[in-house]
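I have placed the structure first, in the form of structure tokens, so that the comments after it can refer back to it.
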Number of protein chains: 4
Amino acid sequence: MTGDRRPGRPRSEATRRAILAAAIDELTERGYAQLSVEGIAARAGAGKQTIYRWWPSKADVVLDAMLDEAASLIAVPDEGSLAADLAGFLVDTFRQRGQRPVLVGLMAEALLDPVFAVQFRDRFLFGRRDALRTVLARAADRGEIAADVDPEMLLDIVFGVLWYRLLLDHAPLDEEAGRQLATLVVRAAR
Amino acid sequence: MTGDRRPGRPRSEATRRAILAAAIDELTERGYAQLSVEGIAARAGAGKQTIYRWWPSKADVVLDAMLDEAASLIAVPDEGSLAADLAGFLVDTFRQRGQRPVLVGLMAEALLDPVFAVQFRDRFLFGRRDALRTVLARAADRGEIAADVDPEMLLDIVFGVLWYRLLLDHAPLDEEAGRQLATLVVRAAR
Amino acid sequence: MTGDRRPGRPRSEATRRAILAAAIDELTERGYAQLSVEGIAARAGAGKQTIYRWWPSKADVVLDAMLDEAASLIAVPDEGSLAADLAGFLVDTFRQRGQRPVLVGLMAEALLDPVFAVQFRDRFLFGRRDALRTVLARAADRGEIAADVDPEMLLDIVFGVLWYRLLLDHAPLDEEAGRQLATLVVRAAR
Amino acid sequence: MTGDRRPGRPRSEATRRAILAAAIDELTERGYAQLSVEGIAARAGAGKQTIYRWWPSKADVVLDAMLDEAASLIAVPDEGSLAADLAGFLVDTFRQRGQRPVLVGLMAEALLDPVFAVQFRDRFLFGRRDALRTVLARAADRGEIAADVDPEMLLDIVFGVLWYRLLLDHAPLDEEAGRQLATLVVRAAR
DNA sequence: GTTTAAGCGAGACGGTACGTCTCGTCTTGAA
DNA sequence: TTCAAGACGAGACGTACCGTCTCGCTTAAAC
């Protein structure tokens, strides 16, 4: 029942991949601020129009590239206690190296472009958030979260600290920090 | 011994103020993404060179304009308990209306320009952070913070949630949120 | 038994006509400078490739459209005297209204594209030229043209003035002008 | 007495010359159809905006370059007879070598862009036309032109043949052609 | 009172990248 | 084999700003 073929030449999967790869390469080599649609197209051996045909801005290209790469990295730990699950989630998240420039660049773009901000939030940020919300829901079932505590605020604490350190780069985002934050959140939840 | 007047025409205070005012006006009218040195200069009736002579980038102009306006707003509450002080600080902070676009723009710039990031952090962010650190120090003296709790992590929780909500705009930054966060932080600190 | 049928789908006459009609329509509506193969194809409901398969450039399409329309308009007057024949030819030629934009556009293309220039000259310009050459030959037989006069130069005078006024649009191309020019050419020929 | 200095940095004469020279060079090397503002700017070592600041289109650049070069080439011969003056004018005009591509390109542009057409006609074509009109006026004073002959039509004959041969390139534009045309025009004028 | 040394407005300059446009080619499935 | 549809690489278009560079003119202290 997949006969909904559109007429005309179909989109080139090879070109799509070349563009996403070029975006990542340019980004890691020259940084987000120096990223340009022109540069991505040139490196990908593609025309600029081919990029504009499928993505509204360079940020959307980068976001797609990110999601393409890290498709299934959002693991939902389930080790029986909030403390263990949280520590696992944070340590796991912090372990991803080299992503800081990309994440920071995407956030900058989201701050400057409200249209992209929606994409960024819904397709990227809320994916991770949903994973952690599941963890909290299980903890609530186990009675580890007091009734008067809004789980959304707990989520904001976890991701707030994470992004705050990521953006400001004033304090480490390592396993030790992960464990420390997990401990505090468990206490705050009661 | 302030007689070390330099030769030549002195800097025009009127122009300085006109530029800062024009920056704020342009920003509120057209948003940070649409802000340009050219536009600020035109609105201020100033030459571009006059801006570049005194500020390295448009972000520095905006930062100066911010600091000029909100010079003395960082109050350090002292009401005898961490809960009261925290709630006071947060409610006071959240009360500032209309600042979101400016703050978001400055953060975006800081993420894209490492040189400006230092300015932003040291002259703006750390000012607020120091105020809250004082509050926490007093609470520690009163024994409201457990010995194994790193106050810096508590600071990151408070400012993390604050900035996370400010940047994502997915949840309110109102008095209720301030009280809720204060309660959780007090519990986390023990 | 003209069995020289080629295999495959035969060329669509309907499409051919639709393309020529679309070219004329686009041209009169938006002018030659705004003419594009893309636009012609879209208006004709044809694919771009169908145009490129049969015509090397948009100018060739327009030239074909012109020749298709004005197939048999080149009358060769024969009234017994050079003066009468010339006046007849010119008045007849000048009577064609609304052709200026098309002719001017074709000439512009010919000036920019040497390959098309050959088509334009041989298939269009020289057709008219041959007609007038016949008139002159008859006049020469009647002794109306001096032996030392090169008929080709007389042709260039007639078509030169015609095109010069057509292109520059600085003086009228009407019946009065036709008669005036005819008189001068007759005198020049002796 | 000419103290009407405008404020701001004055226009760079060196850059102006570099752009005009680059235009001529590009044109002779690659032809009018391949001429691009981008190419002129690159060869001149100038920014594109600098070109667009002073000329509305590439054709205006080329026209300026032409006029700059051939500033004073329009000689008005005066040898005592229409035949001699005309022959002189034509032979002189035809002698200019290598100008054909430039002239043809400018004419093509004029045909496609009505705004430029006015510039081309008034600043270039009518200059030459005025020169020849002077010649004809003197001939009329000497009685070499019949009263019923419109001198403007004689002008159109001369320039018509000239441009017709220039554009079509089907017959030579040499001294012999010049003399031949002069003879015919003299006879036509009576 | 002149000289010297900036600061100032204006605006031209060489650049970079933008997002759009059209070119001529290529690649589908249907006719 | 042609056709409509439409994606593709290429590259010029004209615009917006960037940060720098002259200009002539103030403005004030130093001489």
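Just so it is clear: chains get the letters A, B, ... in the order the sequence lines come, proteins before strands, and each one is counted from 1.
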Take atom CG of A:Asp113 and atom C1' of E:dC18, then tell me their distance rounded to the nearest Å. 14 Å
Given atom OH of B:Tyr52 and atom P of E:dC8, what is their separation to the nearest angstrom? 16 Å
Pairing residues for D:Ala44 by the side chain to side chain contact (heavy atoms under 4.5 Å, CB included) criterion, not counting sequence neighbours: D:Ala18, D:Ile19, D:Ala22, D:Ala46
Given side chains that start at C-beta, do those of A:Leu20 and A:Trp55 come closer than 4.5 Å, heavy atoms only? yes
Charged N to carboxylate O under 4.0 angstrom, A:Lys58 versus A:Glu38? no
B:Arg17: salt bridge (Lys or Arg N to Asp or Glu O under 4.0 Å) partners, not counting sequence neighbours: B:Glu13
What is the separation between atom CD on C:Gln34 and atom P on F:dC13, rounded to the nearest whole Å? 15 Å
Here's a test of your reading of the structure: between C:Lys58 and A:Gly39, which maps to the more 5' nucleotide of DNA chain E? A:Gly39
Quiz item: cation-pi between C:Arg11 and C:Trp54, 6.0 Å / 45°: yes
Qualifying residue for side-chain contact (heavy atoms from CB on, under 4.5 Å) with D:Leu106, from D:Leu111, D:Asp60, D:Val62: D:Val62
How many Å lie between CD1 on C:Ile40 and P on F:dA4, as a whole number? 14 Å
How would nucleotides 5-12 of chain F be written as a contact map, 5' to 3', with B for base contact, S for sugar-phosphate-only contact and - for no contact, using protein heavy atoms under 4.0 Å? BBBBSB-B
How many whole angstroms separate atom CD1 of D:Ile51 from atom P of E:dA12? 15 Å
